[in-house]
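These numbers were taken from a predicted model, which means no experiment stands behind them.
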Amino acid sequence: MPLPFPILTPEEAAELIGNGSTVGFSGFTPAGAAKAVPAALAKRAQLEHAAGKPYKIGVLTGASTGASLDGALAEAEAISFRAPYQANPVLRKQINNGHVKFVDMHLSTVPQNARYGYLGKIDWAVVEACDMTAGGGIVLSTSVGASNTYLRLADKIIIELNSKHPVSLLGMHDIFEPRDPPTRSEIPIFKVSDRCGSPICIVDPKKIAGVVYTNLEDESGGFDAQTEVTDKIGQNVADFLVAEMKAGRIPSQFLPLQSVVGNIANAVLAAIGKSKDIPAFKMYTEVLQDSVVPLLENGRCKFASTTALTLSPEAMRNVTGNIEFFKQRVILRPQEISNHPEIVRRLGIVSMNTAIEVDLGGNVNSTHVMGKTLMNGIGGSGDFTQNAYLSIFSCPSTAKGGKISSIVPLASHMDHSEHSVQVIVTEHGVADLRGKDPIDRAKLIIDNCAHPDYKQQLRDYMKMVSPDSREPLSLSLGLAMHRQFIRNGDMRNINWEEYR
């Protein structure tokens with residue numbers, strides 16, 4: 001039966017969204033991101049700018065998106081502000097040079113901050129779906145993110161109805177939105193596979209301004225091939241978890257895992273999947289990537305709860321081609337639930353995230369290079385790290401061909417404090433920081449995780465700052481290695497006296 005809503009071209013939909021509007025787009029990574037309408041908005045912005053007219057919008061999403069959303073809008077200089085996360089190089093440059101205002105947020109807090117009004121009025125929601133009903137029922141596609149909240153809060157809605165994603169995705173989603181204080185109660189998820197909501201979003205059909213038909217794959221790319229360094233990091237994490245089980249600190253049935261997207265995460269999951277000493281496990285995480293699909297198929301991963309299927313087109317076709325199998329093993333939740341601290345703490349999740357740099361106090365910088373150049377954002381790492389049963393951060397010990405040490409005296413930007421970070425892993429080893437005082441933590445990080453090229457100069461730093469001091473900290477020397485790199489392009493062979 002035909003839908004009782006205007007059928008629009010992407011260009012017609014873009015004409016409805018005025019300059020200065022705030023738009024809540026679907027998308028958590030490129031998975032389920034709106035594609036056709038933002039690309040048309042970018043073209044409109046270019047035409048308006050060529051005519052000497054202003055055209056910019058505020059962009060809210062679940063996390064990063066794809067080339068047709070963040071990429072196209074950034075290239076058209078059509079974004080006035082952006083939240084809560086991004087991963088596009090053009091947009092990143094505009095944020096770092098101050099041309100786009102950016103609000104970096106814990107991803108679990110985005111929907112409630114939108115409800116509380118902290119992000120301002122949401123004029124439009126542009127959301128991708130695989131099916132919808134005349135009464136306002138919407139079946140989301142390959143992610144949930146914050147789409148359910150944007151749909152409810154926005155004044156007007158445009159739906160991208162994407163036939164590339166089959167209607168058989170119905171039943172994979174579990175849409176639940178907590179009440180706001182003081183009437184909020186517990187979130188009734190007590191094991192990874194629990195459901196507590198609806199398989200669809202329901203909106204007032206009067207708010208739907210139109211439907212745009214599309215047939216577009218998610219713009220999720222592949223990852224670089226694993227390297228000797230990433231393989232070693234993955235094996236170090238797996239060996240550490242096995243040791244924790246043998247020591248009785250992880251139960252024999254194991255604990256749910258959270259893992260981020262990326263090459264290191266792929267290597268870690270691959271090593272865990274291959275380990276004969278780790279039992280079949282479950283995942284309660286924010287993103288599923290290609291490496292999880294075979295783990296589900298071969299039974300190494302028994303169940304996965306997530307907010308996004310961040311899969312390559314090939315892997316996505318594998319899932320949709322065997323959708324009944326995967327619907328029994330995968331749930332797609334709103335990011336407010338997939339990342340919720342209450343559930344993370346209750347389920348006893350082992351969180352595995354990545355760092356840009358780690359300092360000798362155990363503080364982690366996961367967002368900024370040299371203290372001020374934003375990479376992507378904090379994402380969901382803080383949601384899990386602060387509440388995990390066991391929080392692990394991994395990174396290669398060096399960057400830029402060895403010219404930058406990932407282990408530094410003082411982090412140039414701090415996202416995760418020593419009070420939340422428990423374990424550091426590089427290709428050289430594991431530093432278990434639990435129960436260690438600051439001096440012991442610093443020594444352990446140097447001994448187990450630093451690259452050999454940097455061990456001695458970090459030990460020299462310790463000799464200069466640690467006598468008769470609880471904290472291995474010098475305000476004058478803490479950022480000397482960063483200053484050395486800015487001056488000379490290499491952190492090695494530092495003369496500490498020069499920076500006193």
Supply the atom-to-atom distance [X] [atom1] to [Y] [atom2], rounded to the nearest 0.5 angstrom.
X: Asp415; Y: Asp104; atom1: CG; atom2: CG; value: 7.0 Å
X: Leu255; Y: Met245; atom1: CG; atom2: CE; value: 9.0 Å
X: Ser420; Y: Phe384; atom1: OG; atom2: CZ; value: 14.0 Å
X: Ser351; Y: Glu286; atom1: OG; atom2: CD; value: 10.5 Å
X: Gln422; Y: Ile392; atom1: CD; atom2: CD1; value: 8.5 Å

* Asked: Are any of the side-chain heavy atoms of Asn376 and Tyr85 separated by less than 4.5 Å?
  -> yes
Please check if the number of heavy atoms outside [X] that lie under 6.0 Å from its [atom1] is greater than 12.
X: Lys43; atom1: NZ; result: no
X: Glu471; atom1: CD; result: yes
X: Lys436; atom1: NZ; result: yes
X: Arg470; atom1: CZ; result: no
X: Glu228; atom1: CD; result: no
X: Lys274; atom1: NZ; result: no

Heavy-atom pair of closest approach, residues [X] and [Y]:
X: Leu309; Y: Ala31; value: O-CB, 3.3 Å
X: Ala450; Y: Leu458; value: CB-CD1, 3.9 Å
X: Pro111; Y: Ala146; value: CG-CB, 4.1 Å
X: Thr61; Y: Tyr150; value: O-OH, 2.8 Å

Distance alone, cut at 3.5 Å: any donor-acceptor contact between the side chains of [X] and [Y]?
X: Gln235; Y: Asp231; value: no
X: His451; Y: Ser405; value: no
X: Asp70; Y: Thr65; value: yes
X: Ser412; Y: His368; value: no
X: Glu336; Y: Thr149; value: no
X: Asp383; Y: Asn339; value: yes
X: Thr373; Y: Asn96; value: no
X: Gln335; Y: His106; value: no
X: Thr310; Y: Thr29; value: yes
X: Thr306; Y: Arg333; value: no

* How about His49 and Tyr55: are their ring centres within less than 6.0 Å of each other? -> no
* Candidate pair Lys400 and Asp490, rule salt bridge (charged side-chain N to carboxylate O under 4.0 Å, His left out), full reasoning -> CA-CA 9 Å; Lys400 295 289 185 183; Asp490 199 322; over 6 Å; no
* To do: For the pair Asp218 and Lys35, find out whether any cationic side-chain nitrogen is under 4.0 Å from an anionic carboxylate oxygen.
  => yes
* To do: Apply side chain to side chain contact (heavy atoms under 4.5 Å, CB included) to Ser141 and Glu128, showing your working.
  => CA-CA 6 Å; Ser141 62; Glu128 183 181 88; 2.6 Å; yes
* **Ser147: side chain to side chain donor-acceptor pair (under 3.5 Å) partners, not counting sequence neighbours** => none
* Start with the C-alpha distance between Gln258 and Asn353, add both sets of side-chain angles, then the distance that settles side chain to side chain donor-acceptor pair (under 3.5 Å), and finish with yes or no. => CA-CA 8 Å; Gln258 173 261 334; Asn353 292 285; 3.0 Å; yes
* To do: With Tyr461 as reference, evaluate Tyr454, Tyr499, Trp496 under the ring pair (Phe, Tyr, Trp, His ring centres under 6.0 Å) test and give the passing residue.
  => Trp496
